[in-house]
Amino acid sequence: MKLRVYLRFVCLCLALAPAWAYSNDLLTNTLGALKDSRTVALAGVPLLSGRLLADFYAQRGGALVWTDPARVRALLALVEASESDGFSPSDFHAETLKAMSAKGALTALGDSERIAMDILLSDALLRYVHHTRYGKVDPVILDPKWNDRAPVPAETLISEMSGALDAESMGDFLTSRLQEPFWYRDLKQSLASYLAKAHLKDLPPLPAGRLLAQGDRDPRVGMVRERLRLLGVDSLAEPLDPTQFDSDLRQAVMDFQRRQRLSHDGVVGPATIAALNSPFDEKKLDQIRINLERMRWLYADLPADYLFVDVADYQVRLIRAGEIRWTTRVVVGTADAQTPMFRDSMEHLVFNPTWTVPVSIQKAMGRVSARYTLVDRRTGRKISGGDASNYKRYRVVQQPGPKNALGRVKFMFPNRHAVYLHDTPSKSLFGRSRRALSHGCVRVQNPEQLAELLLQGSSWDRAAIDRVIGTNRTRYVNLDQKLPVLLYYLTAYADVSGVHFRPDVYGRDQALRDAFLGGPSLNVRIAFPEPDDATNTKVSPVNPSDGEDEVSPNGVRLTRSEG
C-alpha cells in the first residue's frame, strides 16, 4: 500500500524563512524537493513532472516566473481555446488560471502560497506545451503492445515553455510552433461543425415508412430534404414539387450515407432514417476528440512528404508536398494479430523478396513442398526432409517467385514489430470491404506502382522494375532519402465531404476514451539527458485524497507517493 509522506522540511523552510527570501531560497528548496520526488502534488494538485519543472526553473535562474498578470491571461486564453482541439480547459488548471488572472490576485498571496501558485501556473504551461505537441495521453503507457513512440524530450518542452514566456505574444509563439497536417486540420474543422449541431439533438424524429428512392413522391421527401439542410447540406436547390425525390436529393442522400458508413445507394430506408434522426451523438463527438488525440501522437515535425497508412480505412496514401498524390487499398492485421500504430522511416525496397515464415505459422506446417527451404538454426545449413513444425530447430524460408507470400515487392522500415508493407499473391482480398485479414503486416494492392512513385527521379522507371521482377532474383534498392511512414488507427477521419466514422475493429477506442476524458493527465514518459532517465521519466498517478497529509497554515502542500 502506498504511503503519502508530507515533506516536512519544505514546510519548515517556508515557516521560518524571512519574506524577502521566498523568491529565491524557498523556491529553490521547494524545487529541490520536486526534483527528488518521483510523484508529486502541490496543494493537492498533481504535477505532470516535478523533475522537469525543477529543471525549467533552474534554467531561468531559480526565480518566480509568473510576475506579470498579462502572462496568466495569455495562457488562460489559449487554454479556453483548446476546446477546438478536443481538449477540456480543466486539463490545464483553467480555474486556477482564471483566479490568478484577476488584478492583484498574485500579489495578495502569502509567501508560500505565492510559490505554490507559480509552480502550478508553470505546470499548466507545461501541460499545454506537452499536450498540444505530443498529446495528453502517452500512447505507450496506454497500450505498449500496439503503440510505439519514443519518450518526449525534456529539452524540447523546456525550450518551448521558455519561448512562450519570452515571446512578445505567447499565443502567436505557441500557435506557430506547430505545423498541423491537412488531415488534422480537417478533423479539427469537423469537430467545430459537429459541435455546432448540438442544438439539433432535440429535433423531432422523422417518421418511418416505405423506402424512398429517386422518382418517388411522398410527403416525407420534403422532411428528408429539410433535415439534410439542417445538417449542413447547402447544395440542395428548392424543387418545384417538394414531395418529388429528384436527382439532387439522391446525391445528397448518397453523400450522407457514405459519411455514415451506410450502404450509399441513395435510397432512404430504416438505417438512413435512423441516422437522420441522430444528427448529434455525444459518443461520436467523443470519437472525433479521441482521434484528434491519436493524430497528435505521431505528427510532430512531420515533413511534407510521407506515406500514410490508414489502418481502420484499409488505405495507404502517398503524400507529396502536403497533398495526397496517390492512394490504394491495403489489407491489415486481424483483431488477433493487429497492425500496430507507430511512425518510422522507409529506407529501402526489396524486389523478389524471400519470406521467413513466422513461428506462429510454422508450428502448423509439418512437411513442406519444394517451394520452401528449411534452414538449421544451429548451423545455418539448408536441410532436406525435416519437420518444419520443429520451429526450435528450423527456420522456414520461402524463395522468391509469383507465389511468395510477400509477392514481388517489400517496403522496409525497420521496427520492433517486424511490420512492413508488401505485395501479396492473394489479390482477391482487395475486393472485400473489410480487409482486417493479415498477420499484422500491410499488404498493398498496387505495389509496383508504389515502388515506381517512391523511386521517381532515379533510374528505376517501371520498365526497369519489371525487368528485375522478371528475373526472380532478390534485389535491394535504397531510397535516395528516407521517407516517413505513419501507421495510424483512426476511427474518425475527415475530408472535403465531412467526417467519416469507421468501425472500431480492434476495440481500442474505449481505453483511450477513458484516459482522454478522465481528467488531467498523470502518466507521461519524458526523456531527460542524464544517464538515469530510465528510472525517473515515468510519473505515477497521485490521488491527493489518499492517506493523511500534515497541513501548514501557510506552507506549500507538497506530497509524494512511495512504496
Side-chain angles (χ1 to χ4, degrees), residues 48 79 81-92 127-128 130-149 152 178 180-198 201 259-261 278 280-300 302 308-315 332 335 338-343 436 486-495 498-525 541:
L48 191 66
V79 164
S82 69
E83 289 180 310
S84 65
D85 287 275
F87 294 111
S88 170
S90 62
D91 293 334
F92 312 103
R127 289 174 181 274
Y128 186 88
H130 180 281
H131 296 0
T132 53
R133 177 178 280 277
Y134 299 104
K136 171 184 171 180
V137 178
D138 189 307
V140 175
I141 292 176
L142 178 70
D143 189 343
K145 185 175 182 179
W146 303 120
N147 293 325
D148 261 346
R149 191 187 70 188
V152 173
L178 298 176
E180 298 173 349
F182 67 90
W183 31 270
Y184 183 85
R185 294 195 304 269
D186 289 346
L187 189 57
K188 184 175 172 179
Q189 179 57 49
S190 291
L191 174 64
S193 299
Y194 207 78
L195 284 170
K197 298 174 184 175
K201 60 184 177 182
R259 291 193 298 272
Q260 298 294 317
R261 304 290 289 192
S278 304
F280 184 81
D281 184 337
E282 290 283 355
K283 290 184 178 179
K284 288 184 177 179
L285 176 63
D286 291 342
Q287 197 170 343
I288 295 174
R289 296 176 69 193
I290 64 174
N291 281 279
L292 284 169
E293 173 71 0
R294 281 192 177 112
M295 290 177 173
R296 288 187 286 264
W297 291 346
L298 302 181
Y299 80 63
L302 186 66
F308 187 107
V309 181
D310 192 343
V311 174
D313 198 40
Y314 315 111
Q315 299 278 339
V332 301
Q338 300 178 18
T339 298
M341 182 169 154
F342 65 98
R343 171 177 167 178
L486 288 78
L487 290 87
Y488 266 117
Y489 179 76
L490 302 173
T491 57
Y493 184 89
D495 54 25
V499 62
H500 304 270
F501 297 99
R502 289 88 171 266
D504 182 16
V505 293
Y506 290 163
R508 297 181 187 175
D509 277 0
Q510 188 59 54
L512 177 55
R513 186 180 290 110
D514 292 343
F516 184 75
L517 302 178
S521 178
L522 300 176
N523 287 311
V524 295
R525 293 168 308 127

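Treat the numbers as computed from the prediction; the structure is a model and nothing was measured. The chain is numbered in sequence order, starting from 1.
- In terms of heavy atoms, L195 sits closest to L285 at CD2-CD1, 3.7 Å.
- Annotation: cation-pi pair K284/F501 present, NZ/CZ under 6.0 Å from the ring centroid and within 45° of its normal.
- With Y506 contributing its side chain and T339 its backbone, the two residues share a donor-acceptor pair below 3.5 Å.
- The main-chain N or O of S88 is found under 3.5 Å from a side-chain atom of D91 such that the two form a donor-acceptor pair.
- A donor-acceptor pair under 3.5 Å links the side-chain atoms of R185 to the main chain of E180, judged by distance alone.
- Exactly one residue among D310, V311, V309 makes a side-chain contact (heavy atoms from CB on, under 4.5 Å) with D313. That residue is D310.
- Remark: the backbone N or O of Y299 is not paired with any side-chain donor or acceptor of Y184 at under 3.5 angstrom.
- Side-chain atoms of R502 never come within 3.5 Å of backbone atoms of A312 as a donor-acceptor pair (strictly under, hydrogens ignored).
- In terms of modelled atom types and a separation under 3.5 Å, the side chain of R508 and the main chain of Y489 share no donor-acceptor contact.
- Here the closest non-hydrogen pair linking Y493 and M295 is CD1-CE, 4.4 Å.
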Query - Pair K197-D281, salt bridge (charged side-chain N to carboxylate O under 4.0 Å, His left out): steps then yes or no - result: CA-CA 9 Å; K197 298 174 184 175; D281 184 337; over 6 Å; no
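- Relative ring orientation between F92 and H131 is described as tilted, the plane-to-plane angle lying within the 30° to 60° band.
- Using modelled atom types, one side-chain atom of H130 and one backbone atom of G135 make a donor-acceptor pair closer than 3.5 Å.
- Across all non-hydrogen atoms, the minimal contact from W297 to V137 is NE1-O, 2.9 Å.
- At least one donor-acceptor pair closer than 3.5 Å links the side chain of N291 to the backbone N or O of T491.
- Under the 3.5 Å distance criterion, the side-chain polar atoms of D148 are left unmatched by any main-chain donor or acceptor of F342.
- Rounding to the nearest 0.5 Å places CG of L517 at 7.5 Å from CD1 of I290.
- Nearest heavy atom pair, residue S521 against residue V524, reads OG-CG1, 3.8 Å.
- Proximity of a side-chain donor or acceptor of R289 to a complementary backbone N or O of F516 within less than 3.5 Å is not detected.
- Here the closest non-hydrogen pair linking Y314 and A436 is CE2-N, 3.5 Å.
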